[in-house]
Structures are given as structure tokens and as C-alpha cells.
> 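My questions all concern the structure below.
These figures come from a predicted structure and were not determined experimentally.
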Amino acid sequence: TANLNAAVSQLQMGNLNAASRYLAKAGEGAEATHARGVLAMLRGENEKARACFERAAAAGLPEAKENLKLLNTDSLMTTEESTGGEKEKK
């Protein structure tokens with residue numbers, strides 16, 4: 001958990017490269033997967049973030065469910081902005 005704690009600390013400070021190095025050694029638990037999702041979201045890698053959040057949420061991590069909602073809301077707003085305020089139909 002030391003690597004995970006260090007990664008979260010680095011994420012909070014905005015040191016994404018350092019966070020990535022710690023996350024590489026943080027294991028595969030739900031918390032580490034969630035932190036990888038946060039890192040991906042901060043880097044603009046929304047699909048990677050979504051996959052991480054979905055795995056962490058499936059493992060029962062409430063924070064992952066909340067971030068997944070935020071990511072989906074942000075994606076909807078971005079879609080509406082790019083289509084002049086109208087929701088894009090799929």
C-alpha cells in the first residue's frame with residue numbers, strides 16, 4: 001500500500017509522471033485500479049479511465065462509481081458542445 005499511497009499523493013499534487021511510476025508497483029487491487037483511472041482521466045485518456053473505473057466499481061469501490069458518473073457527465077457535456085448544444089445520437 002505504500003506505493004498506492006505515494007501515487008495518490010503525487011496525483012493530488014499534479015505530478016502525473018511520478019504517480020504513474022508508483023502505480024506501476026501498486027498491484028492490481030480496486031484502489032490501485034481506481035487510481036489508474038484518475039491518472040488516465042487527468043491525462044485526457046477517457047476510455048482508459050472509464051475501463052479502470054468500471055473494474056474498480058465492479059469490485060465495489062464507491063469512489064469509482066462516482067468518478068464514472070463524473071466522466072460520463074463530462075463526456076455528455078463535451079458531446080453537446082461539439083454538436084452545438086444538441087445531444088449526439090448514436
Side-chain angles (χ1 to χ4, degrees):
T1 60
N3 284 310
L4 178 59
N5 290 340
V8 170
S9 177
Q10 293 300 314
L11 284 170
Q12 291 171 338
M13 291 188 289
N15 298 328
L16 304 186
N17 290 333
S20 180
R21 287 191 299 272
Y22 285 114
L23 284 172
K25 301 180 253 179
E28 297 300 320
E31 292 86 0
T33 300
H34 176 257
R36 286 185 186 94
V38 171
L39 176 63
M41 188 170 64
L42 291 172
R43 288 181 166 168
E45 300 169 346
N46 290 347
E47 290 307 312
K48 185 175 182 179
R50 182 174 284 107
C52 290
F53 292 151
E54 286 173 349
R55 284 196 309 274
L61 198 67
E63 300 95 314
K65 293 175 184 178
E66 289 303 313
N67 279 335
L68 193 55
K69 288 179 190 176
L70 289 173
L71 187 62
N72 288 335
T73 300
D74 185 50
S75 294
L76 177 61
M77 289 184 350
T78 302
T79 299
E80 288 177 355
E81 289 170 4
S82 68
T83 59
E86 295 183 21
K87 293 180 184 175
E88 184 177 306
K89 295 182 180 177
K90 293 185 179 186

> Once you round to the nearest 0.5 Å, how far does NZ of Lys69 lie from CG of Asn67?
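Lys69 atom NZ to Asn67 atom CG measures 11.0 Å (nearest 0.5 Å).
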
> With a 4.5 Å limit on heavy-atom distance, are the side chains of Leu23 and Asn3 in contact?
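Heavy-atom side-chain distance check fails, nothing below 4.5 Å.
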
> Quick check for you: to the nearest 0.5 Å, what is the distance between Arg55 atom CZ and Leu68 atom CG?
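The CZ atom of Arg55 sits 12.0 Å away from the CG atom of Leu68.
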
> Is the side chain of Ser20 donor-acceptor paired with the backbone N or O of Leu16 at a distance under 3.5 Å, no angle test?
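Side chain of Ser20 to backbone of Leu16: no pair is present.
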
> Less than 4.5 Å apart, side chain to side chain, heavy atoms only: is that true for Asn72 and Arg50?
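A side-chain contact exists here, since the closest heavy-atom pair is under 4.5 Å.
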
> List for me each residue that meets salt bridge (charged side-chain N to carboxylate O under 4.0 Å, His left out) alongside Lys65, sequence neighbours excluded, and say none if there are none.
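Listed in chain order: nothing, the list is empty.
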
> Answer yes if Leu42 and Leu61 sit in the same cluster of Ile, Leu, Val, Met, Phe, Trp and Tyr residues linked by side chain heavy atoms under 4.5 Å apart, and no otherwise.
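Shared cluster, no.
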
> So which atom in Leu4 and which in Ala35 form the shortest heavy-atom distance, rounded to 0.1 Å?
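In terms of heavy atoms, the two residues are closest at CD1-CB, 4.0 Å.
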
> Where is the tightest heavy-atom contact between Ala49 and Ala40, given as atom of each residue plus distance?
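Looks like N-CB, 3.6 Å.
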
> Less than 4.5 Å apart, side chain to side chain, heavy atoms only: is that true for Glu66 and Leu70?
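Of all side-chain heavy-atom pairs linking Leu70 with Glu66, none is under 4.5 Å.
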
> Which distance, rounded to the nearest 0.5 Å, do you find between the CD of Glu28 and the CZ of Arg36?
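Between Glu28 CD and Arg36 CZ, I get 4.5 Å after rounding to 0.5 Å.
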
> Where is the tightest heavy-atom contact between Gln10 and Ala18, given as atom of each residue plus distance?
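Closest approach of Gln10 to Ala18, heavy atoms only: OE1-CB, 3.5 Å.
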
> Determine the minimum heavy-atom distance between Ala32 and Ala26, stating which atoms define it.
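Of all heavy-atom pairs spanning Ala32 and Ala26, the closest is CB-O, 3.8 Å.
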
> For residues 13-45, which residue pairs pass the ring pair (Phe, Tyr, Trp, His ring centres under 6.0 Å) check, not counting sequence neighbours?
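Sorted result for residues 13-45: His34-Phe53.
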
